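Report on the structure given below.
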Amino acid sequence: MDLIVILFKSVIIGGLLGFAAGVGAARMFHAPQTQGLGAFRTLGEMNAAEGDPASHFSFGLGFFFNAWASAVGAGAFTQDVTHRIIPNWAAAALLVKDKDVTKTMHDPKKMGIAGAIAGIITVTFLNSTAAAIPESLQVTAVAVLVPAATILINTVMPVLFWLAALDAGKRTGFWGTLFGGLSQLVMGNAVPGVVLGILIGKGVDELGWTRMTKGMMAAIILLFVFSGFFRGFDMQLIESFKMTVPNWLNNLHDVFTVK
């Protein structure tokens with residue numbers, strides 16, 4: 001009886017959640033004329049897949065295992081369910097029949113319907129499996145799923161996005177490789193940098209070096225500078241060359257470090 005209640009609620013919640021996520025993701029492509037609903041990374045990651053259904057599906061699959069492990073081990077969903085899994089799986093389902101992103105991934109109505117279906121399947125599966133697995137097996141399940149998700153996110157996904165950047169042209173491949181390498185060094189994962197490189201490369205290809213693309217480049221540089229500083233990457237870099245970190249730099253970090 002409890003399982004039936006869980007399935008019933010999962011269908012309702014998954015459908016509403018998926019519909020909102022699908023419509024919101026599609027509306028982001030029409031900003032600023034219409035208001036979107038989603039995160040910047042969702043837009044960038046969906047653009048990086050370049051309308052390839054396999055790329056959209058594999059990207060969502062990589063985060064699905066992490067969300068599954070969270071649902072089984074902690075009984076809670078990660079934000080990846082709405083930001084990454086449902087939008088990308090909805091887009092993949094639509095792009096299988098029609099590769100024109102303007103008629104599929106950018107269509108709020110179609111994305112809403114596909115997102116609702118993807119949401120129902122995803123939420124129902126996560127909830128039902130989390131409820132069905134005994135507590136004694138949850139620890140074992142997490143021990144298996146978390147390493148698998150880590151390999152997909154830290155190894156497989158960066159390679160897929162890097163290959164997509166190389167396939168998009170020389171300029172996009174160059175910026176994707178450069179920012180991906182910096183992102184791996186500073187943030188520990190190359191995906192954010194490769195996505196930013198794809199956005200810059202494609203932006204320059206279509207618009208040239210305009211005020212907007214220069215502003216994007218400045219924002220990306222500032223992102224890496226601040227991210228590196230607050231993660232202590234600058235001090236680690238200096239120490240890696242067997243050099244002494246200047247006192248003024250140590251003092252500057254102490255100002256922003258909460259002890």
Side-chain angles (χ1 to χ4, degrees), residues 25-33 36 38-63 80 83-85 87-96 98-107 111 151-228 233:
R27 284 170 64 90
M28 287 193 299
F29 294 99
H30 301 281
Q33 288 78 15
F40 171 76
R41 64 175 179 272
T42 304
L43 179 64
E45 290 162 356
M46 293 183 74
N47 271 329
E50 296 190 324
D52 177 38
S55 297
H56 282 289
F57 179 77
S58 61
F59 183 80
L61 184 64
F63 290 94
D80 297 326
H83 281 304
R84 290 179 166 123
I85 299 172
N88 278 284
W89 281 3
L94 294 174
L95 289 166
V96 169
D98 188 351
K99 298 296 177 61
D100 187 352
V101 294
T102 60
K103 297 179 180 178
T104 51
M105 190 168 67
H106 298 182
D107 188 327
M111 280 291 289
I151 292 174
L152 281 169
I153 294 171
N154 294 337
T155 306
V156 178
M157 298 312 302
V159 172
L160 291 176
F161 274 84
W162 180 58
L163 292 175
L166 295 177
D167 189 56
K170 292 182 179 180
R171 181 180 283 109
T172 303
F174 169 77
W175 290 116
T177 303
L178 178 62
F179 288 150
L182 288 174
S183 180
Q184 182 66 41
L185 290 172
V186 176
M187 305 175 189
N189 194 301
V191 171
V194 176
V195 170
L196 293 172
I198 292 174
L199 291 176
I200 280 291
K202 299 301 289 185
V204 174
D205 284 342
E206 295 178 4
L207 303 175
W209 285 107
T210 62
R211 181 185 300 179
M212 185 182 73
T213 52
K214 290 179 181 178
M216 288 176 58
M217 178 62 78
I220 292 172
I221 292 174
L222 288 175
L223 171 66
F224 278 110
V225 170
F226 286 122
S227 180
F233 177 75

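On a predicted model such as this, the values are computed, not experimentally measured, just so you know.
- Distance check: M111 CE to M46 CE gives 4.0 Å after rounding to the nearest 0.5 Å.
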Just distance, no hydrogens or angles: give the donor-acceptor pairs under 3.5 Å from side chains in residues 188-208, sequence neighbours left out.
from	atom 1	to	atom 2	distance (Å)
N189	OD1	V191	N	2.9
N189	ND2	I153	O	3.3
N189	ND2	N154	OD1	3.2
D205	OD1	R171	NH1	2.5

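- Rounded to the nearest 0.5 Å, atoms CG (L182) and CZ (F233) are 7.5 Å apart.
- Aromatic ring pairs are classed by plane angle as parallel below 30°, tilted from 30° to 60° and perpendicular above 60°; the pair F57 and W89 is parallel.
- In terms of modelled atom types and a separation under 3.5 Å, the side chain of H106 and the main chain of H30 share no donor-acceptor contact.
- The two atoms that bring H56 and G51 nearest to each other are NE2-N, 3.8 Å, heavy atoms only.
- Rounded to the nearest 0.5 angstrom, R84 CZ and L61 CG are separated by 14.0 Å.
- Nearest heavy-atom pair across S55 and S58 is O-OG, 3.1 Å.
- To the nearest 0.5 Å, atom OG1 of residue T213 and atom CE of residue M216 are 7.5 Å apart.
- When every heavy atom of A165 is checked against every heavy atom of G176, the shortest pair comes out as CB-CA, 4.3 Å.
- Checking W162, F161, F224 one by one against F179, the ring pair (Phe, Tyr, Trp, His ring centres under 6.0 Å) holds for a single residue, F224.
- The line from CG of N88 to CD1 of I85 is 9.5 Å long, rounded to the nearest 0.5 Å.
- Pairing each heavy atom of D100 with each of T104, the nearest pair is O-OG1, 2.8 Å.
- Two residues are said to be in side-chain contact when any heavy atoms from C-beta on lie closer than 4.5 Å; M217 and W209 meet this criterion.
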